[in-house]
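Here is the structure we will look at.
Order of the sequence lines sets the chain letters (A, B, ...), proteins ahead of strands, with each chain counted from 1.
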There are 2 protein chains.
Amino acid sequence: MTHALIASLRAAAGDMTPALARVAETVLAQPDATLRQSITELAEVSGSSEASVMRFCRDQGFSGFQDFKLALAKELATDERARDIGSPSDDIQRLVETAIISLRETEQLIVRKDVATASRKLLDASVVECFGIAASAVTAQYLAYKMTRIGKFSRALGDAHLAVMAAGTAQSGTVQVVISSSGSTIDAVRVADLARSKGAFVIGISNRSKSPLIAACDLALIASWPETPLTGGAFPSKISQLLIVDALVAEMTRQDPKRLVELSRTAEVVSDRSF
Amino acid sequence: MTHALIASLRAAAGDMTPALARVAETVLAQPDATLRQSITELAEVSGSSEASVMRFCRDQGFSGFQDFKLALAKELATDERARDIGSPSDDIQRLVETAIISLRETEQLIVRKDVATASRKLLDASVVECFGIAASAVTAQYLAYKMTRIGKFSRALGDAHLAVMAAGTAQSGTVQVVISSSGSTIDAVRVADLARSKGAFVIGISNRSKSPLIAACDLALIASWPETPLTGGAFPSKISQLLIVDALVAEMTRQDPKRLVELSRTAEVVSDRSF
DNA sequence: AACGATATGAAAAAAAACTCCAAAACTGAA
DNA sequence: TTCAGTTTTGGAGTTTTTTTTCATATCGTT
């Protein structure tokens, strides 16, 4: 919560403008070196300008470069333990270790207040639609399933056309959850825009904080963007999304404890389908 | 080590010259306030001069005021950290920690040889069917998606009746993957039995090693069964299943590296669906 | 009191941080 | 394609902060 600087930086880096992205990469590559640099030096090393570094700091929510460096110093001071662990001897171990880092980062990225707000909206919704395509369809399905388990009807839409149609009929009581790892999937943004224009409350779940999807949402929940972006990062980013889903569901049962009763009731209903 | 700076400062404060001692006292009284002050402000507040503050920093072994502030920030951060650890962790933190344990356990449970065998079978299969119901449907869908990504066609069946029908038409080249967390779901076992009787190779994924499903399979892959069985355990056991799926897919690309080419090709195909 | 050594702060100099603005790059529409 | 409007960007200037310099004050010793 307090020490989410590096993680949120990585989540934001992807959708920054070129100059800002260069600054972000430079900082991420050598965070400790940044501490010893002046704004002029960092501008030079990253191939941008002082003004861009300044903008970078502001965008991250700091009052200026000084403020940013102070926060970074704090982060690095506590971060020393996270660096040692991990002797990745085989593929699966490596997968597990990156997944763990990603989960921890996501835990820090999750804004508790936003989870509470989102949960409230979901509980109060007359209709809940979950949309995700490709890999994100899995997350959407998981959310819909979990909500059904606590007696809150919702459906997952894995088809872009269906989702667009559904979004088109959204009303003010509708909550539309849109999931996209990159946050740049055209269909996802379209669904978000459309649902919002119809008066629905739109919750975005993504691994990128600065993305078209997030810009189009009423509320955004960000999962960690793992260091290894290609194949190796798919699993960590996926389970980080699922963590957010579970956080939402946990919060919903906390806000409305009688949902736990629903949970055991749904368990009863399916018990005759087991040995 | 933890309080190196503050401690040595307090120790040194006694026999400093008056002006420097005032600076030291001011810093010790409000270390966190110092972080937000400029050298001029600190000089003013401590009733000394900028030059004295400068000398103070140098005497402590720092190159200047900035350097001192950075070190102080780190020190205070570790303090905050220590306080955080003592405080009761919230729901999300607890979720993450149990998930981590579960992932590590699953990594231990995964029999590498079985993963290799299963991957071989999947690669050689003429048809791959993935079946999972309720929460396990998510895992099935994830597996089907990932296999499609590496150019190996497979489909997920989330409907028990459809799955039974599909299993009934299985042949010797068919690989049937059946997922059930408890391993006791009637429909899952039925699908496994039926597919096997038709000559299919049946791979079971479950969180229970001694279960009807596992007994009915040719090969079993076991994910960890977390201690907390109710709500708290659902998330860990789910992502442990996904870990197994990713382990399978990683092994498949290892055995058949040209699959990686397929991966980037599928990425290209969908790239025009992004901004 | 005179001397030398140390301590101190005012002010100048240097550096760093921050702001502003016009040029460049990019966007989408005609 | 051109063109208008927007966004992005870095240069140049301004302000603030840090650092150095140096003259003066202070103190202990003889």
Please list, one pair per line, the donor and acceptor atoms closer than 3.5 Å that link side chains of residues 22-33 of chain B to other protein atoms, with sequence neighbours excluded.
residue	atom	partner	partner atom	Å
B:Arg22	NE	B:Ser46	O	3.2
B:Arg22	NE	B:Gly47	O	3.3
B:Arg22	NH2	B:Gly47	O	2.9
B:Thr26	OG1	B:Arg22	O	2.7

Scan the side chains in residues 56-71 of chain B for donor-acceptor partners under 3.5 Å anywhere in the protein, sequence neighbours excluded, and list what turns up.
residue	atom	partner	partner atom	Å
B:Arg58	NE	B:Ser63	O	2.9
B:Arg58	NH2	B:Ser63	O	3.2
B:Ser63	OG	B:Asp67	OD2	3.4
B:Asp67	OD2	B:Ser63	N	3.1
B:Lys69	NZ	B:Leu35	O	3.3
B:Lys69	NZ	B:Gln37	O	2.9

Show me the side-chain donor-acceptor pairs of residues 4-17 of chain A shorter than 3.5 Å, one per line, residues at least two apart or across chains.
residue	atom	partner	partner atom	Å
A:Ser8	OG	A:Ala4	O	3.1
A:Ser8	OG	A:Leu5	O	3.1
A:Arg10	NH1	A:Glu105	OE1	2.9
A:Arg10	NH1	A:Glu105	OE2	2.9

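In this view, B:Thr40 and B:Ser38, B:Glu50 satisfy the side chain to side chain contact (heavy atoms under 4.5 Å, CB included) rule, not counting sequence neighbours. Residues passing the side chain to side chain contact (heavy atoms under 4.5 Å, CB included) test with B:Ala137, sequence neighbours excluded: A:Gln141. Annotation: side chain to side chain contact (heavy atoms under 4.5 Å, CB included) contacts of B:Glu97 (sequence neighbours excluded): A:Arg104, B:Ile100. Listed by chain and number, the residues in a side chain to side chain contact (heavy atoms under 4.5 Å, CB included) with A:Asp124 are A:Arg120 (sequence neighbours excluded).
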Footprint string (nucleotides 4-20 of chain D, 5' to 3'): B base within contact, S backbone only, - free, heavy atoms under 4.0 Å: ----SBBB-----SBBB
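Boundaries of the chain A contact region on DNA chain C are C:dA16 to C:dC20, first to last in 5' to 3' order (nucleotide atom under 4.0 Å from a heavy atom).
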